[in-house]
Amino acid sequence: MKKFYIETFGCQMNAHDSEKVVGTLLEKGYQQVDEVENAELVLYNTCSIRDKAEQKVFYRLQQFKREAGKGKIFGVLGCVAQQEGERIFERAPHVSLVAGSASYTKLPEMLIQLEAGNRRVTGLSLDTTDTFDTPFTSRDNPHRAYITIIEGCDKSCAYCVVPFTRGPERSRTSESVLREARSLAESGYSEVQLLGQNVNSYRDPSPASWDFARLLDETGKIDGLKRVRFTTSHPRDFGKSIVDAIDENEALCNHVHLPVQSGSDSVLERMQRSYSRAEYMRRIEWMKKARRDIAITTDIIVGFPGETDAEFNETLRLINEVEYESMFIFKYSKRPNTPALQYEDQIPEEEKTRRFNLLQEQQRSIQLRRNAGYVGKREQVHVEGYNRATNQWIGRTSQHKTLNFTAADLPAPDSDKTLTGKYLDILVTRAGPNSLAGESVFE
Ligand code: 5AD
Ligand code: SF4
């Protein structure tokens, strides 16, 4: 039996692609191994969203070659593969397969070529209307599953490689999404996460022609599914109907990740984000006025070319106004092919770091304050596992907050199987900037 090893970098879309790649390989008779030394086929599913992520891939490739490269076949998948294409063969001559995500539907054919001894196999076409929709997905987590609803991205944010690495938007039919969700529920999954680079521009290609809010709502009605999440949203396409759906359907998690990137209109314009600060804030208003307490999280880029102090201050002002539950902050990183590459007036690294730290500090105090407001409340968690270092169970609230808890009346866990996957009510007793802590209150 042929053995393979796979390592995955990047976002949830990439993590889920790897689950499909693994499923396809298992179906073709391969066996997955955890040690690269024991594999004949070594795969890296790569990310190129920022320069650092990309460099990490090449570093890993070299390191593996030195450590355990003899006689092995190497493949580079995902976003770096799509972006760098055949240049990877020059930079890392021990690589035999280079394939971007839009070509994974051809994976079985590419495997046949590799097995036949071809040492330069590529899958780099973005010219596809297909989605990588496979019945052979091998999921990592037995309780929480990803479901792709849309692949690719049609936006053209000036900093972003994704339209180049994942190709144009392709939505799956609602029927195929619901079939997958039902079959997951039947096999014991209670939580699903609908995935896409921009889920809000989902448009059912079948005559039903559902929009995203409808698909979300229908998924939330499936028997057995207790939680439905989605990521990621683009503010321009984020409609009020999504907030209404969350309000009306308890199975839909009260968490929305809505990347703002900047609080300054002029920066948003240069980023080609296609919304203004005021338009973004209108969406925040919808959520703040909702019946349910919707947790809002975001992504911010600091040091976009030409970002002045005044523009950066607009971002500081915005995060004070919104009071996000949490955020990811990124220093702007130049990416190949992107419009912003041509922009002059790059911000020095030290200045990016200064802004990053300022934002982080301000957000930390917002989170401390917000989290303190949960102390004394009961929250339902989906249990994810047990942390032996702290002797606490790890739970996740519907708002996607980490809530670590103890349960004195339960037998000490020999394995993390006892509570993992269960839903429990927890009394929040303490709060930090990044997580909550509490005690189980179930009888
Ligand atoms: N530089 C820095 N951050 C970036 N992001 C995307 N492209 C870049 C880039 N070139 C960030 C955005 C996006 C998140 C996934 O990564 O904030 O929402
Ligand atoms: Fe990285 Fe973006 Fe590709 Fe995800 S889509 S792996 S974040 S470059």
Side-chain angles (χ1 to χ4, degrees), residues 6-21 44-57 76-84 99-104 126 132 146 148 150-170 195-200 231-236 238 256-263 267-268 270-273 275 280 297-305 307 315 318-319 324 326-343 346-347 349 352-353 355-356 359 363:
I6 187 166
E7 199 166 305
T8 307
F9 303 86
C11 60
Q12 285 127 322
M13 270 59 80
N14 247 25
H16 187 38
D17 279 347
S18 282
E19 293 181 333
K20 298 187 212 175
V21 168
Y44 299 95
N45 192 359
T46 62
C47 172
S48 66
I49 193 86
R50 286 168 293 273
D51 193 37
K52 263 199 193 131
E54 187 185 330
Q55 283 173 11
K56 201 154 115 194
V57 169
V76 177
L77 308 176
C79 294
V80 176
Q82 191 65 51
Q83 181 191 291
E84 293 300 309
S101 66
S103 303
Y104 294 163
L126 285 176
F132 184 36
Y146 295 128
T148 308
I150 177 169
E151 286 180 20
C153 181
D154 281 351
K155 293 279 181 293
S156 50
C157 303
Y159 50 79
C160 191
V161 283
V162 173
F164 307 97
T165 61
R166 288 188 164 264
E169 275 178 3
R170 290 97 65 199
L195 287 184
Q197 292 300 338
N198 176 8
V199 290
N200 310 122
T231 200
T232 193
S233 290
H234 190 292
R236 161 77 189 266
F238 184 88
V256 173
H257 185 65
L258 198 64
V260 66
Q261 314 298 1
S262 167
V267 173
L268 288 173
R270 295 205 295 282
M271 286 180 167
Q272 297 172 198
R273 285 291 283 173
Y275 55 83
Y280 182 86
T297 58
T298 202
D299 293 343
I300 287 178
I301 297 177
V302 295
F304 189 72
E307 186 187 57
T315 301
L318 180 123
I319 75 160
Y324 292 103
S326 78
M327 69 170 56
F328 296 107
I329 310 168
F330 305 101
K331 295 178 195 170
Y332 170 71
S333 161
K334 276 184 171 180
R335 300 286 63 214
N337 308 317
T338 59
L341 200 58
Q342 318 299 331
Y343 291 3
Q346 295 289 325
I347 307 298
E349 224 28 57
K352 285 186 201 164
T353 305
R355 292 178 189 177
F356 182 101
L359 247 175
Q363 178 60 22

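We count ligands from 1, going down the list as the structure has it; atoms in each ligand are counted the same way.
For the residue pair C11 and Q197, the shortest heavy atom distance occurs at SG-NE2, 4.4 Å. Here the closest heavy-atom approach between residue V199 and residue G196 is recorded as CG1-N, 3.5 Å. C157 and R273 get closest at one heavy-atom pair: SG-NH1, 3.3 Å. Residues P336 and V161 approach most closely at O-CG1, 4.0 Å, considering heavy atoms.
Remark: the Y159 side chain and the R270 side chain contain no N/O donor-acceptor pair separated by less than 3.5 Å.
With hydrogens left out, the protein atom closest to atom 7 (N) of ligand 1 is Y159 CD1, 3.3 Å, a heavy atom. Here the heavy atom of the protein found nearest to atom 4 (Fe) of ligand 2 is C11 SG, 2.3 Å. Distance from atom 9 (C) of ligand 1 to its nearest protein heavy atom, with residue and atom name: S333 O, 3.6 Å. What sits closest to atom 14 (C) of ligand 1 on the protein, heavy atoms only, is D299 OD2, 3.4 Å.
A donor-acceptor pair under 3.5 Å links the side-chain atoms of Y104 to the main chain of G78, judged by distance alone. Counting only distance, with no hydrogens or angles, the side chain of T46 and the backbone of V80 share a donor-acceptor pair below 3.5 Å. The backbone N or O of H234 sits nowhere less than 3.5 Å from a side-chain atom of Y275 that would complete a donor-acceptor pair.
At a 4.0 Å heavy-atom cut-off, ligand 1 touches F330 through the side chain alone. When heavy-atom distances to ligand 1 are checked against a 4.0 Å cut-off, K331 comes that close only through its backbone atoms N, CA, C and O.
The contact set between ligand 2 and C79, taken as ligand atoms under 4.0 Å from a residue heavy atom, comprises 3 (Fe), 5 (S), 6 (S), 8 (S). For ligand 2, the atoms sitting less than 4.0 Å from at least one non-hydrogen atom of V162 are 2 (Fe), 5 (S), numbered in the order shown with element in parentheses. Taking a cut-off of under 4.0 Å to the non-hydrogen atoms of R335, the atoms of ligand 1 that pass are 10 (N). Proximity to R50 (heavy-atom distance under 4.0 Å) selects the following atoms of ligand 1: 1 (N), 2 (C), 3 (N), 4 (C), 5 (N), 11 (C), 16 (O). With ligand atoms numbered from 1 in the order given, ligand 1 contributes 12 (C), 13 (C), 17 (O), 18 (O) to contacts under 4.0 Å with heavy atoms of Q261. Close approach to R166 involves these atoms of ligand 2, each under 4.0 Å from a residue heavy atom: 3 (Fe), 5 (S). The distance from ligand 2 to the heavy atoms of S48 drops below 4.0 Å at these ligand atoms: 1 (Fe), 8 (S).
Within the coordination shell of atom 3 (Fe) of ligand 2, defined by N, O or S atoms under 2.8 Å, C47 is absent.
Checking only distances, Y332 never comes within under 3.5 Å of ligand 1, N or O to N or O.
Residues V162 and I49 have side chains in contact (heavy-atom distance under 4.5 Å, counting atoms from C-beta outward). At least one side-chain heavy atom of Y332 sits under 4.5 Å from a side-chain heavy atom of P305.
One option in N14, I49, D17, T46 has a heavy atom closer to atom 8 (S) of ligand 2 than any other, and that option is I49. Of the listed options I49, L341, I300, V161, I49 places a heavy atom closest to atom 6 (C) of ligand 1.
Within the 4.0 Å heavy-atom cutoff, Q12 does not count among the residues contacting ligand 2.
A salt bridge links R335 and E54; the closest N-O separation between the charged side-chain nitrogens and carboxylate oxygens is under 4.0 Å.
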